[in-house]
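The first residue of the sequence shown is numbered 1, and numbering continues consecutively from there.
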Amino acid sequence: IRSAATWIEYFEQGGQAGPFIIVNPLNGRPMPKKSSKEMTYRGDNNVEVFKHALVEFDDLAISDQIKFWSAARLPIVALIHTGGKSIHAWLDVSKLAEIRTANAWDTIIRQRLYDRLLAPLGVDKACSNPSRLSRLPGCIRDEKGMVQRLLWLSDKGRTVHEG
């Protein structure tokens, strides 16, 4: 678990990353899993800031996904082509509500956003947790050589790394 600044330094020094990224920053401390008393570093209880939600369609053609995201009136901050059959959209849920706990996420984001609004449109409800993995742009997805690509990035709230 690394901060954004630490990752930037790592990549600048030639470091490599796997094909995934987590949509929200984690706290770096072991926390209990939601499903048991076992500890984890990458669960919903490890989320430090509840800012982004991952939304994807599994059963919609890429061209239709692009049409949807082009017309959707949602706070989209990034669109990532997975190198497979879907586009991962990151939504800035801090624009919708202030979330401070995994329980608040379940009530406000999972129930109100996913269950009521997005699931009826066909989005994958399995992606509704705050510690969800997303595809990391620039990585090769699999042995077929499919590349995960950043399609769009909002300029809202973007910071410049000086170094």
Side-chain angles (χ1 to χ4, degrees), residues 1-36 38-62 65-66 68-69 72 74-96 99 101-102 105-106 109-110 113-114 118-119 121-159 161:
I1 306 214
R2 299 175 177 158
S3 68
T6 304
W7 275 112
I8 290 169
E9 182 179 333
Y10 174 76
F11 290 131
E12 286 175 344
Q13 295 175 0
Q16 300 287 317
F20 298 103
I21 188 169
I22 298 171
V23 299
N24 288 301
L26 304 180
N27 59 24
R29 298 184 306 270
M31 302 293 285
K33 292 181 177 183
K34 289 174 86 173
S35 59
S36 70
E38 292 179 45
M39 303 300 269
T40 184
Y41 285 90
R42 199 195 66 78
D44 293 348
N45 290 323
N46 298 96
V47 174
E48 183 75 18
V49 179
F50 296 83
K51 185 168 180 156
H52 298 109
L54 174 70
V55 180
E56 73 168 302
F57 293 92
D58 276 339
D59 300 322
L60 198 59
I62 292 288
Q65 291 179 55
I66 290 171
F68 175 84
W69 292 118
L74 294 166
I76 304 165
V77 295
L79 294 173
I80 301 162
H81 184 268
T82 65
K85 62 182 179 174
S86 65
I87 294 171
H88 284 186
W90 290 25
L91 303 184
D92 183 350
V93 294
S94 69
K95 305 270 189 226
L96 306 174
I99 310 294
T101 66
W105 177 281
D106 286 344
I109 302 303
R110 187 184 316 262
L113 179 64
Y114 282 90
L118 298 174
L121 298 173
V123 302
D124 184 356
K125 283 180 51 175
C127 295
S128 63
N129 65 309
S131 63
R132 177 57 55 178
L133 292 169
S134 183
R135 296 284 176 171
L136 182 63
C139 288
I140 296 174
R141 179 183 171 117
D142 54 27
E143 63 280 346
K144 296 177 187 171
M146 300 301 289
V147 178
Q148 301 165 174
R149 299 192 187 283
L150 180 65
L151 300 177
W152 185 80
L153 181 64
S154 169
D155 63 354
K156 303 273 191 263
R158 195 172 68 182
T159 58
H161 172 70

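- Residues Val47 and Asn27 have side chains not in contact (no heavy-atom distance under 4.5 Å, counting atoms from C-beta outward).
- For the pair Leu153 and Leu150, the tightest heavy-atom approach, listed with the atom from each and the gap, is CB-CD2, 4.1 Å.
- Smallest separation of non-hydrogen atoms from Thr82 and Lys85: OG1-N, 3.9 Å.
- Lys34 approaches Asn45 most closely through the heavy-atom pair CG-ND2, 3.8 Å.
- Considering CD of Gln65 and CG of Asp58, their distance stands at 8.5 Å, rounded to 0.5 Å.
- With rounding to the nearest 0.5 Å, the separation of CG in Leu54 from CD1 in Ile21 is 11.5 Å.
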Task: side-chain contact (heavy atoms from CB on, under 4.5 Å) between Asp124 and Tyr114, worked out - done: CA-CA 9 Å; Asp124 184 356; Tyr114 282 90; over 6 Å; no
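- A distance of 10.0 Å separates CG of Leu118 from CD1 of Ile109, quoted to the nearest 0.5 Å.
- Separating the CZ atom in Arg132 from the SG atom in Cys127 is a distance of 4.5 Å, to the nearest 0.5 Å.
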Task: Evaluation steps, side chain to side chain donor-acceptor pair (under 3.5 Å), between Glu56 and Ser86 - done: CA-CA 7 Å; Glu56 73 168 302; Ser86 65; 2.9 Å; yes
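- Rounding to the nearest 0.5 Å places CD1 of Ile80 at 10.5 Å from CZ of Arg135.
- The nearest pair of heavy atoms linking Trp105 to Val93 is CZ3-CG2, 3.7 Å.
- Not one N or O on the side chain of Gln148 forms a donor-acceptor pair closer than 3.5 Å with the backbone of His81.
- Counting heavy-atom neighbours within 6.0 Å of Arg149 CZ, excluding the residue itself, gives a total of 12 or less.
- Considering every non-hydrogen atom in both Ile76 and Ser154, the closest pair reads O-CB, 3.8 Å.
- At a threshold of 4.5 Å between non-hydrogen side-chain atoms, the residues Val77 and Lys51 do not count as touching.
- Residues that satisfy the side chain to side chain contact (heavy atoms under 4.5 Å, CB included) test with Pro30, not counting sequence neighbours, are Met39, Tyr41.
- Side-chain contact between Leu136 and Pro19: absent, with no pair of heavy atoms (C-beta onward) separated by less than 4.5 Å.
- Here Lys33 pairs with Glu38 under the salt bridge (charged side-chain N to carboxylate O under 4.0 Å, His left out) rule; sequence neighbours left out.
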Open item on the list: Apply side-chain contact (heavy atoms from CB on, under 4.5 Å) to residues Leu79 and Trp90 and explain how you reach the verdict.
Closed with: CA-CA 7 Å; Leu79 294 173; Trp90 290 25; over 6 Å; no
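- Atom CD1 of Ile140 has 12 or fewer heavy atoms from other residues, nucleotides or ligands within 6.0 Å.
- Looking at Asn46, its side chain does come within 3.5 Å of a backbone N or O of Thr40 through a donor-acceptor pair.
- Here CZ of Phe57 is found 9.5 Å from CD1 of Ile87. Values are rounded to the nearest 0.5 Å.
- The backbone N or O of Ser134 sits nowhere less than 3.5 Å from a side-chain atom of His88 that would complete a donor-acceptor pair.
- Between Pro130 and Asn24, the closest heavy-atom pair is O-ND2, 2.8 Å.
- For Ser128, the side-chain hydrogen bond (donor to acceptor under 3.5 Å, both in side chains) test picks out Arg110, with sequence neighbours left out.
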